[in-house]
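Structure first, commentary second.
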Amino acid sequence: MALIVQKYGGTSVGSVERIKNVAQRVAKWKAAGHDVVVVVSAMSGETNRLIGLAKDIQAQPDPRELDQIAATGEQVTIGLTAMALQAIGVPAVSYTGGQVRILTDSAYTKARIISIDEDKIRADLNAGRVVIVAGFQGVDEHGTLTTLGRGGSDTTGVALAAALKADECQIYTDVDGVYTTDPRIVPSARRLKTITFEEMLEMASLGSKVLQIRSVEFAGKYKVRLRVLSSLTDPLLPVAQESVSGTLITFEEDPNMAMEQAVISGVAFARDEAKITVHDVPDRPGIAYAILGPIADANIDVDVIVQNVGHDGMTDLSFTVARGDLSKALKILKDQVQPHIKCREVTGDDHIAKVSLVGLGMRSHVGIASQMFRTLAEEGINIQMITTSEIKISVVMDEKYLELAVRVLHKAFGLDQA
Ligand code: ASP
Ligand code: MG
């Protein structure tokens with residue numbers, strides 16, 4: 001018998017019919033002898049609707065009050081899910097975040113979990129009940145409601161699994177797992193049976209938005225085995241089959257990690273970045289700080305940074321920011337930085353894309369980068385910037401080459417379906 005935390009997202013509880021499906025699925029796991037804790041999101045679209053109501057009254061809603069409103073969507077689905085279970089003869093009880101006591105800090109709309117009181121949940125499980133917990137919400141030390149940021153139910157699920165030392169946290173969603181790349185670009189992309197947390201973090205932050213990033217970080221930190229699987233399959237699919245479906249996100253040492261780990265796990269990409277180049281800056285100490293300091297002070301995240309070799313005492317510095325931050329960053333550079341450091345010009349380009357190879361196997365294989373660059377060269381794709389980590393190589397290119405690059409790399413690294 002195992003203790004399992006199952007999280008169902010907005011689509012999975014999007015209607016009364018779907019909630020009844022969830023109940024059947026949960027009942028099946030319970031009947032197979034497992035203890036089940038269920039975390040649900042609000043019905044799909046509901047959190048947006050609630051936030052919209054708030055914005056109809058205040059353009060910049062008061063964060064405390066916004067959380068009071070936004071958290072109500074989950075309060076509806078926990079009650080409905082508990083009822084749907086009871087209706088088919090499964091004892092079930094629901095709790096809001098505050099009732100469990102998921103204690104968070106007071107950073108409204110992006111609160112962090114501090115601790116989880118597991119006593120109540122344990123007692124219910126011991127009494128044979130399924131426990132349903134509202135995702136996305138907690139309370140601070142004053143008992144005030146907080147929310148964990150959009151998509152935060154994933155984090156609730158993982159945090160509960162960590163607190164309860166669950167055997168697995170299953171994230172049910174409308175896709176059937178994590179793929180080697182986006183199947184809309186490469187139809188022959190394969191579902192990964194396993195992937196490590198480190199790889200998943202690189203894949204997720206690079207645009208494979210299956211899970212809230214924070215939940216993956218959390219799972220990695222507390223060693224919670226995470227499985228992403230489909231809630232659109234037949235709810236009565238046998239447990240033996242369902243328990244090995246989807247994608248298992250786990251640690252390297254997990255005996256469930258695929259024996260034959262491929263060198264490269266996937267090709268990720270992002271098209272929501274923009275490149276800024278500061279041309280002909282004096283090549284002397286303090287320049288990178290003079291340029292990037294004010295950008296950081298404005299809370300703008302910088303991703304890839306490249307500084308070229310100096311020539312005649314001058315150099316160019318390029319970096320990428322989120323596309324939405326481009327005009328703000330350019331304004332800061334032109335108004336505050338350029339007069340000061342006396343560079344020749346500051347330019348911005350919002351037609352770029354970033355394509356990345358991700359794979360733990362890079363640590364022990366040489367020649368991955370050169371194979372990547374050769375593959376791109378053969379297609380005449382110009383690389384504008386390169387950045388690497390232990391398990392990732394990213395290149396920035398003109399956006400128009402994005403799909404081609406993803407396709408050829410996916411093929412070159414043997415990721416296409418056999
Ligand atoms: N309902 C919340 C949202 O839409 C939390 C979640 O779905 O994970 O962001
Ligand atoms: Mg979600």
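Just the heavy atoms: all of them, side chains too, but no hydrogens, waters or symmetry mates, feed the values below. Indexing begins at 1, ligand by ligand and atom by atom, following the structure's order.
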Heteroatom distance test ([X], ligand 1): nitrogen or oxygen, under 3.5 angstrom:
{"X": "Lys7", "result": "no"}
{"X": "Arg150", "result": "yes"}
{"X": "Gly151", "result": "yes"}

field: Donor + acceptor pair across side chains of Ser106, His142 (<3.5 Å)
entry: no

- prompt: Rounded to the nearest 0.5 Å, what separation is found between the OH atom of Tyr172 and the OG1 atom of Thr11?
  reply: 15.0 Å

message: With heavy-atom distances below 4.5 Å as the criterion, would you say the side chains of Asp316 and Val278 are in contact?
response: no

task: Return yes when atom CD of Glu253 has more than 12 non-hydrogen atoms of other residues, nucleotides or ligands closer than 6.0 Å, and no otherwise.
output: yes

task: Please state whether Gly9 comes within less than 4.0 angstrom of ligand 1, counting heavy atoms only.
output: no

task: List every atom of ligand 1 that sits less than 4.0 Å from any heavy atom of Thr47, numbering the atoms from 1 in the order shown and giving each element.
output: 1 (N), 2 (C), 3 (C), 4 (O)

query: For ligand 1, does Glu74 get within less than 4.0 Å through its side chain, its backbone, both, or neither, judged by non-hydrogen atoms?
result: side chain

- request: Would you verify whether the NZ or CZ of Lys354 falls within 45 degrees of the ring axis of Phe269 while also being under 6.0 Å from that six-membered ring's centre?
  value: no

